[in-house]
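Here the structure is laid out as structure tokens; the discussion comes afterwards.
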Amino acid sequence: MTEQRKLLSTKEAAEYCGFKLSYFRKLMMRRTIPMYKPTGKLCFFKKEDLDAFLTGVRISSQEEIAEEAGRYLAGRK
């Protein structure tokens with residue numbers, strides 16, 4: 001990949017995300033992952049979009065859930 005190019009190919013994007021190429025293509029078919037498709041076949045991806053996709057759904061830790069529950073219960077009194 002050249003220093004100037006900002007977009008990743010499908011293979012590069014799959015590697016960047018740590019996914020197998022077949023699984024990444026499945027995400028593409030389901031339109032789960034954001035992509036750019038300037039031609040009929042080729043798809044390209046921005047690292048920023050991939051990062052947002054990977055960090056889009058955060059799972060809270062048990063400690064965070066307990067703290068939130070404590071704040072909720074304290075506010076109900």
Side-chain angles (χ1 to χ4, degrees):
M1 181 170 83
T2 64
E3 196 64 40
Q4 294 177 338
R5 193 174 82 176
K6 302 282 187 201
L7 298 174
L8 302 175
S9 68
T10 301
K11 183 179 178 185
E12 292 168 336
E15 289 173 1
Y16 180 79
C17 291
F19 298 147
K20 289 186 177 182
L21 187 56
S22 59
Y23 178 68
F24 194 79
R25 285 196 171 124
K26 190 179 287 187
L27 293 175
M28 291 169 59
M29 284 188 339
R30 293 179 181 164
R31 295 179 186 256
T32 305
I33 206 153
M35 68 183 117
Y36 299 87
K37 195 169 183 174
T39 64
K41 283 190 171 188
L42 298 176
C43 293
F44 297 97
F45 305 85
K46 285 186 178 180
K47 284 185 178 182
E48 299 84 25
D49 291 341
L50 297 174
D51 289 339
F53 170 76
L54 291 172
T55 60
V57 179
R58 184 177 182 279
I59 307 298
S60 298
S61 70
Q62 287 291 339
E63 185 177 322
E64 291 170 329
I65 292 170
E67 288 174 4
E68 188 173 332
R71 284 192 301 271
Y72 174 76
L73 292 174
R76 294 188 68 202
K77 292 181 182 178

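The figures here come from the full heavy-atom set of this structure, side chains too, leaving out hydrogens, waters and symmetry mates. Residues: numbered from 1 along the sequence shown. Keep in mind that this is a model prediction, so the values were computed, not measured.
Taken from NZ in Lys47 to SG in Cys17, the straight-line distance is 11.0 Å, to the nearest 0.5 Å. The OG1 atom of Thr39 sits 6.5 Å away from atom CZ of Phe44, with the distance rounded to the nearest 0.5 Å. Taking CD of Glu15 as the start and NZ of Lys20 as the end, the distance is 13.5 Å to the nearest 0.5 Å.
Between Tyr36 and Leu42 there is no side-chain heavy-atom pair separated by less than 4.5 Å. In this structure, Lys46 and Leu7 have side chains that are in contact, with non-hydrogen atoms separated by less than 4.5 Å.
Closest approach of Thr10 and Met28 over heavy atoms only: CG2-SD, 3.5 Å. Contact detail for Phe45 and Ser9: the closest heavy-atom pair is CD1-O, 3.9 Å. A pairwise comparison of heavy atoms in Ala13 and Leu50 identifies CB-CD1, 3.7 Å as the closest pair. Nearest heavy atoms, Pro34 versus Phe53: CD-CB, 4.4 Å. Cys43 and Met35 get closest at one heavy-atom pair: SG-SD, 3.7 Å.
Ile33 is not connected to Leu21 by any chain of hydrophobic side-chain contacts under 4.5 Å among Ile, Leu, Val, Met, Phe, Trp and Tyr, and they are in different clusters.
With respect to Glu64 and Arg58, a salt bridge is recorded, a charged nitrogen being found less than 4.0 Å from a carboxylate O.
With ring centers used as reference points, Tyr16 lies 6.0 Å or more from Phe24.
No more than 12 heavy atoms of other residues, nucleotides or ligands sit less than 6.0 Å from atom CD of Glu68.
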